[in-house]
Amino acid sequence: MITLSDWLSEISNWYQQTDMQDMDTLSPLIHSPPEAVWGPELSDEQSKAIACWLDGCLRLYKHYHQDIQSDKAYGYLQLAYSKLQFVATQPHVDKDIKQWAIKRLDHLIVLLLEFCNQQQSASWQAESQNQIELHVAFMNSLHNINLEGTMYAA
């Protein structure tokens with residue numbers, strides 16, 4: 001298992017490459033980050049790692065979207081969205097990490113909906129509606145957990 005420091009070093013090397021279009025190097029980093037990226041402790045290293053991971057997902061999304069590989073592009077948006085949902089629901093994760101993840105979920109749902117609405121089929125339109133319903137349900141569940149005091153400390 002790769003350490004957070006080693007993973008950060010590898011992704012930093014990718015950012016420093018002259019050809020940041022090398023998705024073959026970026027993709028494995030995004031698919032296999034160390035668990036420490038998600039917390040539970042907030043540190044400068046963790047904060048940088050989670051931001052780099054999300055940026056990597058978005059770069060892969062844009063790459064495949066421009067390359068007209070819709071399923072892969074959408075998959076990277078879904079990967080980012082699902083991981084950040086996971087982070088936001090973990091009771092042992094630092095409150096600030098959770099709040100960061102929740103803010104990014106709002107941005108990601110907009111990207112997911114824009115992507116679905118750009119597609120020219122009824123199935124993508126249905127997917128868009130499904131994403132709206134699921135996002136609302138998820139955010140309501142977070143709100144309810146927060147009201148009960150079980151997720152976030154005051």
Exercise. May I ask you to decide if Phe138's main-chain N or O and Ser141's side chain share a donor-acceptor pair within less than 3.5 Å?
Key: yes

Quiz prompt | Ile2 backbone acceptor or donor facing Trp7 side chain under 3.5 Å | solution = no

Quiz item: Can you tell if the side chain of Leu8 reaches within under 4.5 Å of the side chain of Thr3, non-hydrogen atoms only?
Solution: no

Quiz prompt | Centroid-centroid under 6.0 Å between Tyr81 and His107 rings | solution = no

Exercise. Working to the nearest 0.5 Å, report the span between CE of Met23 and CG of Asp67.
Key: 10.5 Å

Quiz prompt | Separation of Gln69 CD from Leu60 CG (nearest 0.5 Å) | solution = 11.0 Å

Self-check item: Partners passing side-chain hydrogen bond (donor to acceptor under 3.5 Å, both in side chains) against Glu127 (at least two apart in sequence or in another chain)
Solution: Tyr74, Gln131

Quiz item: Just how far is it from atom CG of Leu42 to atom CD of Gln99, taken to the nearest 0.5 Å?
Solution: 10.5 Å

Practice problem: Determine the minimum heavy-atom distance between Pro33 and Ile30, stating which atoms define it. | Solution: CD-O, 3.3 Å

Quiz prompt | Close side-chain approach of Gln125 to Gln129, heavy-atom, < 4.5 Å | solution = no

Quiz item: Under 3.5 Å, side chain of Ser32 to main-chain N/O of Leu29, donor-acceptor pair present?
Solution: no

Quiz item: Any side-chain heavy-atom pair from Tyr64 and Leu77 closer than 4.5 angstrom?
Solution: no

Exercise. Could you tell me whether the side chain of Trp14 reaches within less than 4.5 Å of the side chain of Glu10, counting heavy atoms only?
Key: no

Quiz item: Is a side-chain N or O of Ser27 found less than 3.5 angstrom from the main chain of Asp24, in a donor-acceptor match?
Solution: no

Quiz item: So, the side chain of Asn117 versus the backbone of Leu113: is there a donor-acceptor pair under 3.5 Å, distance only?
Solution: yes

Self-check item: From Cys57 atom SG to Arg104 atom CZ, the distance as rounded to the nearest 0.5 Å
Solution: 13.5 Å

Quiz item: Are any side-chain N or O atoms of Gln46 and backbone N or O atoms of Val37, one a donor and one an acceptor, separated by less than 3.5 Å?
Solution: yes

Exercise. Using a cut-off of 6.0 Å, state whether more than 12 heavy atoms not belonging to Asp106 lie near its atom CG.
Key: yes

Exercise. With rounding to the nearest 0.5 Å, note down the distance linking CD in Gln119 to CD in Glu114.
Key: 12.0 Å

Exercise. List the steps and the verdict of side chain to side chain contact (heavy atoms under 4.5 Å, CB included) for Trp53 and Leu79.
Key: CA-CA 11 Å; Trp53 182 86; Leu79 175 64; 3.9 Å; yes

Self-check item: Flag, side chain of Ser9 to backbone of Ser5, donor-acceptor distance under 3.5 Å
Solution: no

Exercise. Return the minimal non-hydrogen interatomic distance between Gly39 and Ile97, and the atom names on each side.
Key: CA-CD1, 3.9 Å

Self-check item: Check: Leu58 and Tyr76 side chains under 4.5 Å, non-hydrogen atoms
Solution: no

Practice problem: Measure up the Tyr61 and Phe115 rings against each other and bin them: parallel (under 30°), tilted (30 to 60°), perpendicular (over 60°). | Solution: perpendicular

Exercise. Could you tell me the separation between the CG atom of Leu112 and the OG atom of Ser128, rounded to the nearest 0.5 Å?
Key: 9.0 Å

Quiz item: Gln118 and His65: side-chain donor and acceptor closer than 3.5 Å?
Solution: yes

Self-check item: Single-linkage hydrophobic cluster, 4.5 Å side-chain cutoff, Val110 and Leu134 together
Solution: no

Quiz item: Can you tell if the side chain of Val87 reaches within under 4.5 Å of the side chain of Ile102, non-hydrogen atoms only?
Solution: no

Quiz item: Any side-chain heavy atom of Leu142 within less than 4.5 Å of one from Lys98?
Solution: no

Self-check item: Polar side-chain atom of Asp94 near backbone of Asp96 as donor-acceptor pair, under 3.5 Å
Solution: yes

Self-check item: salt bridge (charged side-chain N to carboxylate O under 4.0 Å, His left out): pairs with one or both residues in residues 54-65, sequence neighbours excluded
Solution: Asp55-Arg59

Quiz item: Does a donor on one side chain and an acceptor on the other come within less than 3.5 Å for Asp22 and Thr25?
Solution: yes

Quiz item: If two hydrophobic side chains count as joined below 4.5 Å and joins carry through other members, does Ile132 share a cluster with Ile109?
Solution: yes

Quiz item: Can you find a pair of side-chain heavy atoms, one from Trp38 and one from Lys83, that are under 4.5 Å apart?
Solution: yes

